[in-house]
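Note that the numbering runs from 1 along the sequence shown for the chain. Below, all heavy atoms of this structure are taken into account, side chains as well, without hydrogens, waters or symmetry copies. Indexing begins at 1, ligand by ligand and atom by atom, following the structure's order. This one's a predicted model, so the numbers in the text were calculated from it and none came from an experiment.
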Amino acid sequence: MATTTSENPLNDPAVDPFEVARDAAAVIADRSGIEHHDIALTLGSGWAKAADLLGETVSEVPATEVPGFSASAVVGHTGTLRSVRMPDGRHALVIGARTHYYEGHGVRRVVHNVRTAAATGASIMVLTNGAGGIKEHWKPGTPVLISDHINLTADSPLEGATFVDLTDLYAARLRAVAKEIDPTLDEGVYTQFRGPQYETWAEVRMARTIGGDIVGMSTALEAIAARQAGMEVLGFSLITNLAAGIQKEPLSHAEVLQAGKDAEPVIADLLARVVAAL
Ligand code: HPA
């Protein structure tokens, strides 16, 4: 086991984050009795109910009992790691504990969910989030496939001279499967801002000008870590609101949560059907 004097081992720069991920995977294997997971999902705002539809829950471990994880700072995240047996016999790891970049705990903790998923054996990483839409025709409650991202955090989970190719990061193969399940699914480029403040109008205009369609505060850094780990990535945004300046009213976190709640039954069903087909 990685040893450290600090509360979370990932806070210690001398600790190897991949070793902490292996430790976390060992705890999950021990508690679930499942040595190998096939697919992992990080469920963001609005997506949590999908976990109940994927199959039979084998075990659910509080994130605080898994090395490197901590209680979620955001309402709407369950704070657990759940192992699910899917009807076809595959196993899914459902991660309801996300550390956001804006919490200021560093990128190692942000991507620990993904590195743990890879360490459990998962070869597909499904990343979901609630986000702002830049395209006016996206009504709140619309699920959108992430086709690519723009990382505006000026940070990276890669350390040192680690040159990782990000071509087709959000796998065309997986997006095609999702579109077979729901041909009406639209796609967009996700733009990760640092947050936690919502964007200014000017920032949303900038995001649109440089090719962004969606604004949010997660996912891009996690997707990079997933590619580094050799996983295929599928990304979904639930449009909870139109981005600042696209919608004329001020944004509120309560509105974002409510849109997630309202859309939850529909998007949970969609996600479960897509994951079953991956
Ligand atoms: N911007 C950034 N993050 C978000 C938004 C938004 O408009 N809505 C939900 N998460």
Please report whether ligand 1 has a polar contact with N241, defined as an N or O pair separated by less than 3.5 Å (distance criterion only).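 It does: an N or O of N241 is found under 3.5 Å from an N or O of ligand 1.
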
Numbering the atoms of ligand 1 from 1, which are under 4.0 Å from a heavy atom of [X]?
X: T240; value: 8 (N), 9 (C)
X: G130; value: 9 (C), 10 (N)
X: L251; value: 7 (O)
X: E199; value: 1 (N), 2 (C), 6 (C), 7 (O)
X: M217; value: 2 (C), 3 (N)

List the closest protein heavy-atom neighbour of atom 3 (N) of ligand 1: residue, atom name, distance to the nearest 0.1 Å.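 The closest heavy atom on the protein side is G216 CA, 3.5 Å.
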
To the nearest 0.1 Å, how far is atom 4 (C) of ligand 1 from its closest protein heavy atom, and which atom is that?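 Looking only at protein heavy atoms, the one closest to atom 4 (C) of ligand 1 is Y198 CE2, 3.8 Å.
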
Option passing side-chain contact (heavy atoms from CB on, under 4.5 Å) with R82 (candidates L43, V61, V94):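 Checked L43, V61, V94 against R82; only one passes side-chain contact (heavy atoms from CB on, under 4.5 Å): V94.
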
Should the ring pair H149 and Y170 be called parallel, tilted or perpendicular, given that the plane angle runs from 0 to 90° and is split at 30 and 60?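 Ring orientation, 0 to 90° scale: perpendicular.
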
Tell me whether E187 contacts the main-chain N or O of S147 through its side chain, where contact means a donor paired with an acceptor under 3.5 Å.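 No, because the side chain of E187 does not come within donor-acceptor range (under 3.5 Å) of the backbone of S147.
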
Would you kindly say whether [X] and [Y] are connected by a side-chain donor-acceptor distance under 3.5 Å?
X: R98; Y: N129; result: no
X: E222; Y: N113; result: yes
X: S83; Y: H91; result: no

